[in-house]
Amino acid sequence: MADFAYITVKLAAGLTGLWIITRLLGKKEISQLTAFDFVSSLMLSEIVGNTLYDRDVGLEQLLYALALWTVMSLALEKLVQYVPWLSKPLNGTADLIIDNGRIDWQAMKRNNLDFDQLLTMLREQNVFSVREVAFAVFETNGSISVMKRSEAESVTRKDLRVPDVPVSLPVVLIENGHIQRQRLEALGRDEAWLLGELQAAGIGRPQDVLYAEWTDHDGLYCQKKPEATGQ
């Protein structure tokens with residue numbers, strides 16, 4: 001019974017310490033955590049988890065570890081405020097993934113992003129087509145911030161008293177020079193049709209395309225690779 005009582009006291013002390021640390025360091029949602037915040041949280045959980053059930057570690061040592069970690073975290077946050085250049089190596093920097101309507105493939109590779117991940121994050125921002133985007137910033141916490149093109153802003157057809165038109169989800173047909181054949185077949189089209197659409201857009205071969213999508217209403221949207229445009 002004594003062991004159970006001791007573990008209960010340590011657990012209560014650990015939870016109280018974690019609550020105090022959270023109040024002191026500030027509140028963040030999981031989606032707002034930077035890489036450093038995430039690593040810090042993991043280390044803190046290891047400190048508490050390993051000491052709670054270790055009979056060789058006393059209550060005083062647990063409280064000392066929590067207090068030391070709090071002081072170190074607060075000191076580091078204050079240091080970053082007074083020495084701003086430390087923020088970049090600790091937290092990373094935001095990166096422009098879509099610049100003036102064009103996908104930056106090098107930025108995607110730097111951040112280990114593929115097209116499926118990019119499109120998923122855009123849809124989470126209620127953006128279903130790359131052609132709607134003027135700028136998209138990949139934030140240090142792993143989220144994406146989007147500025148739409150002016151023509152894609154949220155003035156509704158009802159506001160303008162314009163009749164509704166049918167809408168459809170965009171279908172990605174080319175990713176980094178590779179034709180997505182299953183999606184093309186699901187669309188009921190073949191490669192000959194796609195090559196014709198590319199030629200109409202002034203593109204000779206799919207290998208020169210970084211990204212291409214199709215909607216029934218707006219047709220084909222495509223972006224050449226930088227090397228294919230001479231940039």
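In what follows, every heavy atom counts, from backbone to side chain, and hydrogens, waters and symmetry copies are set aside. Quick caveat, the model's predicted, so the values are computed rather than measured.
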To the closest 0.5 Å, what do you measure between [atom1] ([X]) and [atom2] ([Y])?
| X | Y | atom1 | atom2 | value |
| --- | --- | --- | --- | --- |
| L220 | T215 | CG | OG1 | 9.0 Å |
| M108 | I97 | CE | CD1 | 7.0 Å |
| I103 | L118 | CD1 | CG | 6.0 Å |
| R102 | Q223 | CZ | CD | 4.0 Å |
| W214 | L187 | CH2 | CG | 7.5 Å |
| F138 | I98 | CZ | CD1 | 12.5 Å |

Under 3.5 Å donor-acceptor, [X] side chain and [Y] backbone:
| X | Y | answer |
| --- | --- | --- |
| T120 | D116 | yes |
| Q125 | L122 | no |
| E175 | L173 | no |
| K225 | Q207 | yes |

The test is salt bridge (Lys or Arg N to Asp or Glu O under 4.0 Å); show your working for R131 and E213 and say whether it passes.
CA-CA 9 Å; R131 75 182 81 203; E213 67 178 29; 3.6 Å; yes

Taking every non-hydrogen atom, the tightest pair across [X] and [Y]:
| X | Y | result |
| --- | --- | --- |
| I174 | Q180 | N-CG, 4.3 Å |
| G101 | Y221 | O-OH, 3.1 Å |
| A94 | V137 | CB-CG1, 3.6 Å |

Return the orientation label for the F115 and W105 ring planes: parallel under 30°, perpendicular over 60°, tilted otherwise.
parallel

Holding to side chain to side chain donor-acceptor pair (under 3.5 Å), I want the full list of residues that pass it with R205, two or more places apart in sequence or in another chain.
D208

Do E197 and R189 have side chains that approach each other closer than 4.5 Å (heavy atoms only, starting at C-beta)?
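Of all side-chain heavy-atom pairs linking R189 with E197, none is under 4.5 Å.
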
